[in-house]
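Worksheet: the structure to be examined is printed underneath.
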Protein chains: 2
Amino acid sequence: MSRDAQECGVNVVIGLIGSKWKPSILWRLAEGDHRFAELRRGVSGISEKVLAEQLRELERDALVSRTAYEGFPLRVDYALTPLGEELNDLLDPVAQWGDAYLADKALEAPGG
Amino acid sequence: MSRDAQECGVNVVIGLIGSKWKPSILWRLAEGDHRFAELRRGVSGISEKVLAEQLRELERDALVSRTAYEGFPLRVDYALTPLGEELNDLLDPVAQWGDAYLADKALEAPGG
DNA sequence: CGGTATCCCTGTCGATACTG
DNA sequence: CAGTATCGACAGGGATACCG
């Protein structure tokens, strides 16, 4: 695959978090550690398969860390890495802009 | 489709520019107006169909404006709207972070 | 609880040919 | 030059069932 699209930097970030669920996962994790089931509930309609998938990618990309505990019942915690927090912070103004954009659009097309 | 994923704001922005080529198109446009063929060359391996598609979406989303001139040969200019510039500016630090991320990864896996 | 395996559906993108 | 039409490939994601 490599990078056929320009390496705008933005493309890198989109490659990292540009999937359907990753931003939501990251937001949840920004609040603190979460277990698998918590994320499953917190994120909305995501399936187990996809959540696990996204989590593995996030882990691979060093944005999220996974901690498994030995006891029973099974327990695994997911948390943002420093890198993940960095990105999350960076994305905060973007999120605000996105909200404002949405509000603006709502005004233009109230009948939506 | 609507928005099943959380409206994190980031998801909004990803919906706007999270496709394969839009960031690159936006970067080009950030340099100033461009004609269709200029974008086609500037963006790399994008096909006419996809470029036209992306441009229409960008226009629909009020990020890009289209200006057609009557004369011949045909001439159409694309430019960032104020909103588009806003977003582009906002994304600049994100792009820098993305570059740094990439450089960092390159160090970790030189044999990549 | 915390996952993995399977199968399918859909959207996105790519190649190519054609039009005003 | 600046697109549109058509067809096909492919990856991401969804539903469901099963495992340690």
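A note on names: the letters A, B, ... follow the listed sequences, proteins ahead of strands, and every chain is numbered from 1.
One atom, NZ of A:Lys22, and another, C1' of D:dA11, lie 13 Å apart when rounded to the nearest Å. Rounded to whole Å, atom C1' of C:dG3 lies 19 Å from atom NE2 of A:His34. Note: CZ (A:Phe36) to P (C:dC1) measures 11 Å, nearest angstrom. Between the NZ atom of B:Lys20 and the P atom of C:dT12 there is a distance of 14 Å, rounded to whole Å. Computed from coordinates, the B:Leu74 CG to D:dA2 C1' distance equals 6 Å when rounded to whole Å. Whole-Å rounding puts the B:Leu16 CG to C:dT12 P distance at 14 Å. B:Ile25 places its CD1 atom 15 Å from the P atom of D:dA2, with the value rounded to the nearest Å. Distance CZ (B:Arg41) to C1' (D:dC1): 11 Å, rounded to an integer number of Å.
A heavy atom closer than 4.0 Å to some atom of DNA chain C occurs in B:Glu48, B:Lys49, B:Val50, B:Gln54, these being the qualifying members of residues 46-62 of chain B.
Here B:Glu38 does not pair with B:Arg41 in a salt bridge; the nearest charged N to carboxylate O distance is not below 4.0 Å. Taking a cutoff of 4.0 Å between a charged side-chain nitrogen and a carboxylate oxygen, B:Glu59 and B:Arg56 qualify as a salt bridge. Using a cutoff of 4.0 Å between basic side-chain nitrogens and carboxylate oxygens, B:Lys105 and B:Glu108 are scored as salt-bridged.
Evaluation of the salt bridge (Lys or Arg N to Asp or Glu O under 4.0 Å) rule for B:Glu48 yields B:Arg40 as partners, not counting sequence neighbours. Every residue two or more places apart in sequence or in another chain was checked for a salt bridge (Lys or Arg N to Asp or Glu O under 4.0 Å) with B:Glu86, and none qualifies.
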Which is it for B:Leu63 and B:Leu80 under the side-chain contact (heavy atoms from CB on, under 4.5 Å) test, yes or no, and what are the steps along the way?
CA-CA 6 Å; B:Leu63 262 23; B:Leu80 251 36; over 6 Å; no
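Considering only side-chain atoms of A:Val76, the nucleotide from C:dC1, C:dG2, C:dC13 that sits closest is C:dG2.
Smallest separation of non-hydrogen atoms from A:Gly98 and B:Val13: CA-CG2, 4.0 Å.
The stretch residues 72-81 of chain B participates, sequence neighbours left out, in these side chain to side chain donor-acceptor pair (under 3.5 Å) pairs: B:Arg75-B:Asp77. Residue pairs meeting the ring-ring contact (aromatic ring centres under 6.0 Å, His included) criterion with at least one member in residues 85-104 of chain A, sequence neighbours excluded, are A:Trp97-A:Tyr101.
Two residues, B:Arg66 and A:Gly18, neighbour DNA chain D, and the one matched to the more 5' nucleotide by heavy-atom proximity is B:Arg66.
Here B:Arg40 lies out of heavy-atom contact (under 4.0 Å) with every strand. Using a 4.0 Å heavy-atom cutoff across all strands shown, A:Tyr69 reaches no nucleic acid atom at all.
One finds no side-chain N or O of B:Tyr78 lying less than 4.0 angstrom from the OP1 or OP2 phosphate oxygen of D:dC1. Residue A:Arg35 has no polar side-chain atom (N or O) positioned under 4.0 Å from OP1 or OP2 of C:dC1. Here B:Trp21 does not reach the OP1 or OP2 of C:dT12: none of its side-chain N or O atoms lies under 4.0 Å away.
Between B:Ile25 and B:Val64 there is no side-chain heavy-atom pair separated by less than 4.5 Å.
Helix-axis bend for the helix from C:dC1-D:dG20 to C:dG20-D:dC1: the local axis fitted to the five terminal pairs at one end deviates from that at the other end by 40°, rounded to 10°.
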